[in-house]
Participant: 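First the structure, then my questions, so here it is.
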Amino acid sequence: LLVANEEIIRDKAEEYEVLKEKVISRTISHYPNYDKIIDTIIERYQSSRAEYKLFLNENCLQIKDIFKDSETDNIRSLRCALQDFERVYELCNTRSVPENMIRVFFINFLIIEFEERAGRSYKHLFSYEFKTSNGKNRYPQFNDNCHLSSCDGWIKNGDWNQDEVIIDIQTHLDRLKPSSPEEQVS
């Protein structure tokens, strides 16, 4: 029994096809049911906050869509992203951030985490070309108007700066407030 990723082997060994013909009698492909795996991950997720697990359940379809769009098939990255966002979720919850805004933060966070863990720079998500190119937009759900840039170091290097995240969240909350007396009246 030989377990291997044929695509990687083919890239690294020109003689693979010859060896395969002589040594390997059959190739069996494995196609995991990622939807079921993601359901199980969310179902078994351990959190001290029941609200976060409920949030994950409510956003299960978005999680699945982003996972598929990432084309990474990397369950470890998904688990890390869910775990990493929990800190952000707690800060949002204590500051009464509206649920729809938390959801956008979450979607952006997942997308950036997948891109970073796949070794792809996520800076292209903010480029004009990325937003306007037909058929090349991997993540139509990305919203650059609601990006917590303070989480970039957390995603990329594991550098958590709670004060910066709080300031970033507050900046987004302030954008929701009416800014002029006329807006406050209407």
Side-chain angles (χ1 to χ4, degrees), residues 34-35 38-39 41-43 45 47-72 74-75 77-118 120-179 183-184:
Y34 286 118
D35 283 347
I38 292 169
D39 287 337
I41 288 170
I42 292 171
E43 177 186 317
Y45 187 83
S47 175
S48 59
R49 298 182 60 92
E51 301 91 11
Y52 186 61
K53 189 164 181 173
L54 179 63
F55 175 81
L56 294 178
N57 279 310
E58 290 171 350
N59 291 284
C60 187
L61 290 177
Q62 288 90 341
I63 294 168
K64 290 175 183 177
D65 287 345
I66 293 166
F67 181 81
K68 289 174 188 165
D69 291 346
S70 76
E71 300 175 353
T72 61
N74 192 327
I75 294 298
S77 292
L78 173 63
R79 286 181 185 216
C80 286
L82 298 180
Q83 189 175 23
D84 289 350
F85 188 77
E86 188 168 3
R87 285 187 181 193
V88 178
Y89 181 84
E90 289 177 17
L91 291 177
C92 288
N93 238 8
T94 60
R95 277 148 192 81
S96 302
V97 175
E99 191 75 19
N100 61 337
M101 183 179 273
I102 298 173
R103 185 172 294 110
V104 175
F105 289 159
F106 179 62
I107 288 168
N108 286 353
F109 189 95
L110 285 179
I111 291 169
I112 290 171
E113 182 120 8
F114 278 123
E115 288 298 287
E116 185 62 39
R117 290 187 178 270
R120 301 184 294 240
S121 171
Y122 57 87
K123 299 299 181 189
H124 69 280
L125 296 170
F126 302 100
S127 71
Y128 178 76
E129 295 79 23
F130 178 79
K131 294 180 212 171
T132 59
S133 60
N134 294 332
K136 292 188 179 181
N137 188 340
R138 177 177 283 146
Y139 302 106
Q141 53 289 65
F142 186 78
N143 181 342
D144 65 346
N145 294 320
C146 214
H147 169 61
L148 293 173
S149 59
S150 57
C151 290
D152 292 354
W154 175 231
I155 292 170
K156 189 171 185 164
N157 307 317
D159 296 332
W160 175 252
N161 187 326
Q162 183 169 318
D163 294 335
E164 283 184 17
V165 177
I166 290 169
I167 290 168
D168 207 357
I169 290 169
Q170 190 59 52
T171 300
H172 285 284
L173 284 173
D174 291 345
R175 289 183 192 160
L176 295 177
K177 294 179 184 174
S179 58
E183 290 176 328
Q184 292 175 4

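One is the number of the first residue; the rest follow in order along the sequence.
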Participant: When you measure from the side chain of D35 to the backbone of K64, do you find a donor-acceptor pair of N or O atoms at a distance under 3.5 Å?
Facilitator: no

Participant: Within a reach of under 6.0 Å around CZ of R79, are more than 12 heavy atoms found that belong to other residues, nucleotides or ligands?
Facilitator: no

Participant: Please find the pair of heavy atoms, one from P140 and one from D69, that lie closest to each other, and give the distance.
Facilitator: CD-OD2, 4.1 Å

Participant: Is it true that F114 and Y139 have ring centroids separated by less than 6.0 Å?
Facilitator: no

Participant: How are the rings of F55 and Y89 set to each other: parallel, tilted or perpendicular (split at 30° and 60°)?
Facilitator: tilted

Participant: Quick one: do Q62 and Q141 satisfy side chain to side chain contact (heavy atoms under 4.5 Å, CB included)? Show the steps, please.
Facilitator: CA-CA 9 Å; Q62 288 90 341; Q141 53 289 65; over 6 Å; no

Participant: Hey, would you say the Y45 and Y52 ring centroids sit under 6.0 Å apart?
Facilitator: yes

Participant: Heavy atoms, side chains only, cut-off 4.5 Å: are C151 and N108 in contact?
Facilitator: no

Participant: Test side chain to side chain contact (heavy atoms under 4.5 Å, CB included) on L110 and F85 and set out the steps.
Facilitator: CA-CA 8 Å; L110 285 179; F85 188 77; 6.0 Å; no

Participant: Quick one: CH2 on W154 to CD on E116, what's the gap to the nearest 0.5 Å?
Facilitator: 14.0 Å

Participant: Does any part of the side chain of I111, heavy atoms only, come nearer than 4.5 Å to the side chain of S70, both counted from C-beta?
Facilitator: no

Participant: Working to the nearest 0.5 angstrom, can you tell me the gap between I66 CD1 and E113 CD?
Facilitator: 11.5 Å

Participant: Which atom pair, heavy atoms only, marks the closest approach of V97 to F105?
Facilitator: CG1-CE1, 4.2 Å

Participant: Which heavy atom in S77 sits nearest to a heavy atom in R117, and how many Å separate them?
Facilitator: OG-CD, 3.3 Å

Participant: What distance do E43 atom CD and L56 atom CG have between them, rounded to the nearest 0.5 Å?
Facilitator: 12.5 Å

Participant: Stepwise, does the side chain to side chain contact (heavy atoms under 4.5 Å, CB included) test hold for I38 with K68?
Facilitator: CA-CA 11 Å; I38 292 169; K68 289 174 188 165; over 6 Å; no

Participant: Which heavy atom in H172 sits nearest to a heavy atom in H147, and how many Å separate them?
Facilitator: NE2-O, 3.1 Å

Participant: Search all heavy atoms of V88 against all heavy atoms of L148 and return the closest pair with its distance.
Facilitator: CG1-CD1, 3.7 Å

Participant: Please round to the nearest 0.5 Å and tell me the distance separating atom CD of Q162 and atom CZ of R87.
Facilitator: 8.0 Å

Participant: Side chains of R49 and E90, heavy atoms from C-beta outward: is any pair under 4.5 Å?
Facilitator: yes

Participant: Who are the side-chain hydrogen bond (donor to acceptor under 3.5 Å, both in side chains) partners of D159, not counting sequence neighbours?
Facilitator: none

Participant: Show your reasoning for whether side chain to side chain contact (heavy atoms under 4.5 Å, CB included) applies to F142 and I107.
Facilitator: CA-CA 7 Å; F142 186 78; I107 288 168; 6.0 Å; no

Participant: Is the backbone N or O of V104 less than 3.5 Å from a side-chain atom of N143, with the two atoms forming a donor-acceptor pair by type?
Facilitator: no

Participant: Could you state the interatomic distance from CD1 (I102) to CG (N93), rounded to the nearest 0.5 Å?
Facilitator: 5.5 Å

Participant: Taking all non-hydrogen atoms of both residues into account, name the closest pair between N145 and R175 and its distance.
Facilitator: O-NH1, 3.1 Å

Participant: Please confirm whether the backbone N or O of I42 pairs with a side-chain atom of N57, one donor and one acceptor, at under 3.5 Å?
Facilitator: no

Participant: Restricting to side-chain hydrogen bond (donor to acceptor under 3.5 Å, both in side chains), what partner residues turn up for Y34, sequence neighbours left out?
Facilitator: none

Participant: Can you tell me how far apart CD1 (I41) and CG (L82) are? Round to the nearest 0.5 Å.
Facilitator: 7.0 Å

Participant: Does any non-hydrogen side-chain atom of I169 lie less than 4.5 Å from one of C92?
Facilitator: yes

